[in-house]
Amino acid sequence: MPLFHSTPPKKFILPHRVSRLGELAYNLWWTWNPDAQRLFLRIDPILWELINHNPVRFLQQVQRARLNAATNNRSYLEFYDRIMYAYDQYINKTDTWFSTNYPELINKPIAYFSMEFGLHETLPIYAGGLGVLSGDHLAEASDLGFPLVAVGFFYTQGYFNQHILEDGWQEARYITQPFSDLPVMPVLNEDGTPNTISVELPGRDVLVRLWEAHVGRVPLYLLDSNVEGNTPADRDLTARLYSGDLELRISQEILLGIGGVRALRCLGYNPAVWHMNEGHSAFITMERAREAVESGHDVRESLDEICAHNVFTTHTPVAAGNDEFPLWIVDKYLTGYREQLGISREDLNNFAMHTTSWGDQFSMSILALKTSQGRNAVSELHGIVARRMWQFLWPDRQEEDVPIIHITNGVHLRKWLARRLFHLYSDYFGPDWINHIDEMELWEQTLNIPDERLWEVRRHLKRKLVAYMRERARKQWIGGGVHPVQIVAAGALLDPYALTIGFARRFAPYKRANLILNDVDRLLKIVTNTHMPVQIIFAGKSHPDHEQGKMLIQDVYRVVKSSENGGRLVFLEDYDMNLARYLIQGVDVWLNTPRRPMEASGTSGMKAAVNGVLNFSVYDGWWREAYNGMNGWAIGGDYDIEDPKLQDEADTASLYDLLEKEIVPLYYRDVNAEGMPIEWMARMKESIRTLSPQFCNRRMLKEYMERLYLPAIQSKQAAVSEKSKS
Ligand SMILES: *Cc1c(COP(=O)(O)O)cnc(C)c1O
């Protein structure tokens with residue numbers, strides 16, 4: 001079977017010498033190869049910024065004269081040849097980690113389902129950390145040569161674009177993306193018509209067409225109900241991510257689980273592993289059971305075998321993150337389906353029943369837990385929390401024997417590492433270092449990098465961040481319709497040399513973005529100190545239906561807007577992967593203040609760490625495993641405080657103390673003649689050295705293979721408890 005079903009359209013008229021740019025634009029390999037992005041940028045840097053780093057739009061709009069100039073530039077052509085060579089080497093590589101270690105499994109596909117994929121800012125099919133993790137999962141699966149195929153949605157309007165009004169209220173704007181501008185291809189039948197599948201919803205069949213994105217060597221199929229023949233309402237089913245409307249949500253989840261299986265079948269796949277990234281896709285099992293019934297098997301007898309190939313990753317101990325439906329919705333949407341399976345209403349509900357104080361609910365997480373043989377949480381502490389949370393499903397087991405293991409998250413290093421740091425590390429780690437990023441010994445060489453060179457790159461990255469913020473503020477100012485104070489709030493007064501703290505993530509209440517504002521007077525003293533100024537950059541979206549989250553943004557914005565902070569507190573609109581990259585590469589300190597133990601893992605701090613940014617975070621999620629006393633700072637301690645008010649007080653006190661007594665003095669006091677903070681550099685190297693190999697997702701993917709995928713492929717008992725960890 002060929003790797004992909006679609007080939008890049010030959011729609012660009014390009015000079016022959018650089019004609020393969022059109023092919024490169026359609027493989028998201030460029031998203032984790034900054035030099036490949038520069039292949040476009042170098043032709044016209046202004047246009048590249050203007051079209052939000054989208055090579056497809058770039059090639060549609062770039063002026064012929066600029067392309068011609070590039071083909072006449074010897075240095076550009078050498079660069080082009082080098083990148084295209086690297087690309088070909090990558091795509092055609094046969095001796096990958098996977099094929100070397102598991103040659104007999106190369107034809108056993110692993111299907112990976114997720115509601116969102118964060119691949120790049122141009123493809124608005126993600127909301128936050130879950131999506132970025134899925135996107136990184138695909139990139140690393142491609143690097144390691146996994147036979148992985150992914151399924152998700154093509155949201156034409158994406159999540160939303162965030163605009164902050166003068167009073168701090170978040171406004172959501174939806175922009176429809178024309179597919180022809182995006183690096184995705186339609187999956188077509190031989191006669192050129194769109195390949196569609198159909199899924200039954202109450203009273204009608206909904207048609208779904210498929211798009212294909214190439215993520216290195218990994219195909220990603222995106223479902224899209226915007227098809228002629230569907231009603232206008234059905235055409236919008238897949239327009240947006242995470243609607244608050246429960247009927248729309250169950251419809252999407254039926255499309256993902258049931259439609260996703262049909263899509264893979266239609267493309268000829270017979271996966272050996274079905275990985276559900278969160279419970280949204282848990283209806284996969286129903287469709288696979290229906291297939292078994294259709295081919296004459298008994299549903300009960302088939303179920304064990306079906307579930308043995310399922311893997312489920314749970315990501316959140318927060319109730320809102322675990323989708324639940326009232327039973328009447330399940331009756332309305334799944335009765336026809338259930339009848340095809342020949343199972344009773346009670347049987348179906350038993351797979352997912354969650355008895356709560358507000359009635360019986362159908363829980364997608366419980367469905368996924370009960371129908372998967374491999375189950376994991378995403379950090380050690382989250383594993384403990386998840387086993388406690390779901391223990392009631394295994395009443396005859398002790399909490400520690402609840403069969404949910406943990407595999408701590410990781411990030412795709414190459415994708416998040418600043419280009420300059422990549423080249424700096426290459427100078428000291430050797431040319432092939434990127435193939436050894438999960439090895440501790442490699443990172444020992446961090447100590448060989450001269451402080452001066454590392455400091456120089458760090459300073460460059462901060463200047464770049466500040467310059468970018470100011471440029472955004474300028475555009476906003478020119479664009480009109482904003483109050484001057486919003487321009488200050490957007491970062492017009494940022495100082496490229498002040499100690500800079502970043503806080504950016506979704507504004508979910510448990511993330512406590514306003515914790516640092518608990519004592520505004522004390523905070524103002526810290527940030528406006530003339531000798532040791534500190535600036536804090538906030539960014540993040542709230543779910544558009546979530547009033548509490550929007551009020552949190554407003555709280556932060558109110559303080560940001562006040563003249564007393566001298567423009568040193570800033571809120572950046574419209575957090576996305578592009579802003580994330582600037583921030584996690586450019587700030588000095590990355591702050592995270594979740595309410596322990598609600599942060600299942602967190603990944604933005606890992607992205608920051610490999611770039612030499614120091615983490616300053618609550619003892620929760622990944623940081624609880626990562627902090628060693630020397631590689632950053634931990635807020636609070638390794639214990640739970642039950643009362644949220646007391647917890648807030650304790651964490652606030654710890655946060656200000658560390659900031660005043662340790663972090664700020666360390667940055668400003670112990671500096672050499674060139675202004676470089678000596679002790680700070682030692683911490684920075686400690687952070688890069690200890691965290692990079694442990695929290696890169698190469699380590700993570702290998703763990704998924706060994707502990708979950710392999711048992712599922714072999715249909716053997718998965719590592720069922722934490723005790724049996726190898
Ligand atoms: C990494 C990332 C996240 C996740 O951040 P956390 O701090 O782990 O919640 C969210 N949004 C974007 C755009 C990211 O790049």
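Every number for a ligand or one of its atoms is a count from 1 in the order of the listing. Heavy-atom basis, side chains included; hydrogens, waters and symmetry copies ignored. Residue indices begin at 1 and follow the sequence shown.
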Practice task
Check whether more than 12 heavy atoms from other residues, nucleotides or ligands sit under 6.0 Å from atom CD of E171, and answer yes or no.
Solution key: yes
Problem - Derivation of the salt bridge (charged side-chain N to carboxylate O under 4.0 Å, His left out) call for D620 and R595 - result: CA-CA 8 Å; D620 194 11; R595 178 178 302 291; over 6 Å; no
Practice task
Examine W433 together with F422 and report whether their ring centres are nearer than 6.0 Å.
Solution key: yes
Problem - Within the 4.0 Å heavy-atom sphere of ligand 1, strictly under, residues - result: G128, G129, V132, W416, R505, K511, Y575, D576, M577, A580, G602, T603, S604, K607
Problem - Identified side-chain contact (heavy atoms from CB on, under 4.5 Å) partner of I501 from the options I663, D588, I537, L659 - result: L659
Handout entry: Close aromatic pair by centroid cut-off 6.0 Å: Y242 and H543
Key = no
Exercise for the section: Go through the side-chain N and O atoms of N277 and T313 and say whether any donor and acceptor fall under 3.5 Å apart. Expected result: no
